[in-house]
Structure formats: structure tokens, C-alpha cells
Amino acid sequence: MTRPLTIALVGIDGAGKSTQAGLLAEWLTSVGVPARHVKNPGGRLRLDRIAKALGRPDAISLLGRGGFLVVEVLVRWVLLIRSVLWSRLTRRVTVMDRYTYCQYAAMRARGTRGERLVRLLYWVFPRPDLVCFLTVAPTRARERIERRGKDREGLDYLVALDAGYRSLPETAGFTVVDANLPTVPVHAALREVVERHLQPAVAVRPSEVP
């Protein structure tokens, strides 16, 4: 491998990014390509918990839209720097759970200004070798979010977030993966994508897909 490769999984909340990123890293390692799953959240869940502990409904009501955006952007920037540096230092494949595109899509979904400035702040992050856009119906995504019980998300926001992703100028270069299916077939589809796109660069051993 001449340089560390990165794979980024993006998509709306409830698309299965964290689950699939973890499974993909485990599978790559098992077939002889050492890989690590890294998370790059914006910190909203933790901020929401802090806000509720202080008697506020959520982080935006606590910090205001501008304050929340600043914290979210900076938290994600720090985590992305960590992820990129780890990849370059270890020379391993890195499976990114969220990337810069998630920030841009969230801002578009909320109608938040400042995307051009955020893009300038994030220009240091290289484009991943492969970006998989996990697409899922917003109604199905909301059902998954409610089942996991860790947070709640409005259907209107999920619809807007999906539209935000699809409106990004980078979306044309994403590899679309249908994430409406159960975990196993989605994982199988991702494996096929990785084998097809990355085998010229890394020695991925062919394996049977369950």
C-alpha cells in the first residue's frame, strides 16, 4: 500500500453508519487488510444530555443556533484531524463513520448559514478513497432510531437531512448503497463495493458473502 486508504460512510441518522463501519473494519482485518473503525460525530447527543441536565430541551436551546454550530463544527474538526493523523501514522485502512459531508448536509437540513466558511475550515481533510452513501427511507430511519432508544429525531428533519445530502456537489461521486435492507445484506453490498473499488490498491482476499 503506497498510502493509507480511507473509506467514509455517510447518510442520515438511522441509516446504520456506525454498525456498518464497525462490521466493515472487522471484515477487512479478517481478510488481511488491517483496518480501524473511527467515529466522527458532532457531539450533539452529549450536548443534548448536558442541556437536559440543565433543564433545557436540547443543545440548540442551551447554546443558541450560532453557539451550537460553532461547538459542533469544532468538535467534528478535532475528531477528523485525529482520524486522518491516525490513518497516516499507522498506514492502515480507516473506515470513517461520518465525514465532512455530514456537517454540510446537517447545515443544509437546518437552514444554517456559514457552509462556505465551514468548508474553508475543513479544506485540510482529503477526499476519502471511497465514500458510501447509505440511503434509507426517512420513515424507516426514524423507526430504527426509536428502537435503539438513545435519541429521538423528527421525521421532518430526517427528510430535510436526506435532501441535504442529495444536494451536495460531491454527491455525484458517492457510491450509493441501499440501507433499507437488514444489517447482513447491507454489509454484503458494502463488501462487494469495497472489493470492486479498492482491490487494485490493497490485497483484499476474495471471500464468500453470506
Look at atom CZ of Arg82 and say whether more than 12 heavy atoms of other residues, nucleotides or ligands are closer to it than 6.0 Å. yes

Crowded around Arg116 CZ? As in, over 12 foreign heavy atoms under 6.0 Å?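 Not buried by this count: 12 neighbours or fewer within 6.0 Å.
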
Determine, step by step, whether Glu26 and Leu23 satisfy the side-chain contact (heavy atoms from CB on, under 4.5 Å) criterion, reporting the C-alpha distance in whole Å, the side-chain angles of both residues, the deciding distance to 0.1 Å, and the verdict. CA-CA 5 Å; Glu26 290 177 4; Leu23 290 173; 4.2 Å; yes

Got a donor-acceptor contact below 3.5 angstrom from the [X] side chain to the [Y] backbone?
{"X": "Lys17", "Y": "Gly11", "result": "yes"}
{"X": "Asn40", "Y": "Tyr99", "result": "no"}
{"X": "Tyr165", "Y": "Ala105", "result": "no"}
{"X": "Asp97", "Y": "His37", "result": "no"}
{"X": "Thr171", "Y": "Ser167", "result": "no"}
{"X": "Thr175", "Y": "Cys132", "result": "no"}

Do the two ring centres, one from Phe133 and one from Tyr101, sit under 6.0 Å apart?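 Phe133 vs Tyr101: aromatic centres not under 6.0 Å.
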
Going hydrophobic residue to hydrophobic residue with side-chain gaps under 4.5 angstrom, can you get from [X] over to [Y]?
{"X": "Ile7", "Y": "Val176", "value": "no"}
{"X": "Val131", "Y": "Trp123", "value": "yes"}
{"X": "Val73", "Y": "Phe125", "value": "yes"}
{"X": "Leu134", "Y": "Leu28", "value": "yes"}
{"X": "Val78", "Y": "Leu80", "value": "yes"}

Could you grab the distance from atom [atom1] of [X] to atom [atom2] of [Y], nearest 0.5 Å is fine?
{"X": "Leu85", "Y": "Ser87", "atom1": "CG", "atom2": "OG", "answer": "9.5 Å"}
{"X": "Thr29", "Y": "Arg92", "atom1": "OG1", "atom2": "CZ", "answer": "7.0 Å"}
{"X": "Thr6", "Y": "Arg127", "atom1": "OG1", "atom2": "CZ", "answer": "10.0 Å"}
{"X": "Leu74", "Y": "Leu69", "atom1": "CG", "atom2": "CG", "answer": "9.0 Å"}
{"X": "Leu9", "Y": "Ser18", "atom1": "CG", "atom2": "OG", "answer": "9.0 Å"}
{"X": "Leu161", "Y": "Met107", "atom1": "CG", "atom2": "CE", "answer": "13.0 Å"}

Is any side-chain heavy atom of [Y] closer than 4.5 Å to one of [X]?
{"X": "Leu190", "Y": "Trp27", "value": "no"}
{"X": "Thr90", "Y": "Arg36", "value": "no"}
{"X": "Arg108", "Y": "Leu168", "value": "yes"}
{"X": "Val84", "Y": "Met96", "value": "yes"}
{"X": "Ile145", "Y": "Leu158", "value": "yes"}

Minimum heavy-atom separation for [X] to [Y], with atom names?
{"X": "Ala179", "Y": "Val136", "answer": "O-CG2, 4.0 Å"}
{"X": "Arg140", "Y": "Asn180", "answer": "CD-O, 3.4 Å"}
{"X": "Leu5", "Y": "Asp129", "answer": "CA-OD2, 3.2 Å"}
{"X": "Val177", "Y": "Ala189", "answer": "CG1-CB, 4.1 Å"}

Using a strict 4.0 Å threshold on nitrogen-to-oxygen distance, state whether Glu170 and Arg119 make a salt bridge. yes

Could you check whether Glu195 pairs with Arg191 (Lys NZ or Arg NE/NH1/NH2 to Asp/Glu carboxylate O, under 4.0 Å)?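 Here Glu195 does not pair with Arg191 in a salt bridge, since their nearest N and O are not under 4.0 Å apart.
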
Residue pair Arg166, Thr135: steps toward the side-chain contact (heavy atoms from CB on, under 4.5 Å) verdict: CA-CA 10 Å; Arg166 296 177 187 278; Thr135 61; 3.9 Å; yes

Specify whether Tyr104 and Tyr122 have parallel, tilted or perpendicular ring planes, treating 30° as the upper limit for parallel and 60° as the lower limit for perpendicular.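 Judged by the thresholds at 30° and 60°, the geometry between Tyr104 and Tyr122 is tilted.
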
Yes or no on side-chain contact (heavy atoms from CB on, under 4.5 Å) for Gln20 and His187, after CA distance, side-chain angles and deciding distance? CA-CA 6 Å; Gln20 294 298 337; His187 174 57; 3.4 Å; yes

Could you please spell out the steps behind the side-chain contact (heavy atoms from CB on, under 4.5 Å) verdict for Arg110 and Phe68? CA-CA 12 Å; Arg110 300 179 192 130; Phe68 172 76; 3.6 Å; yes

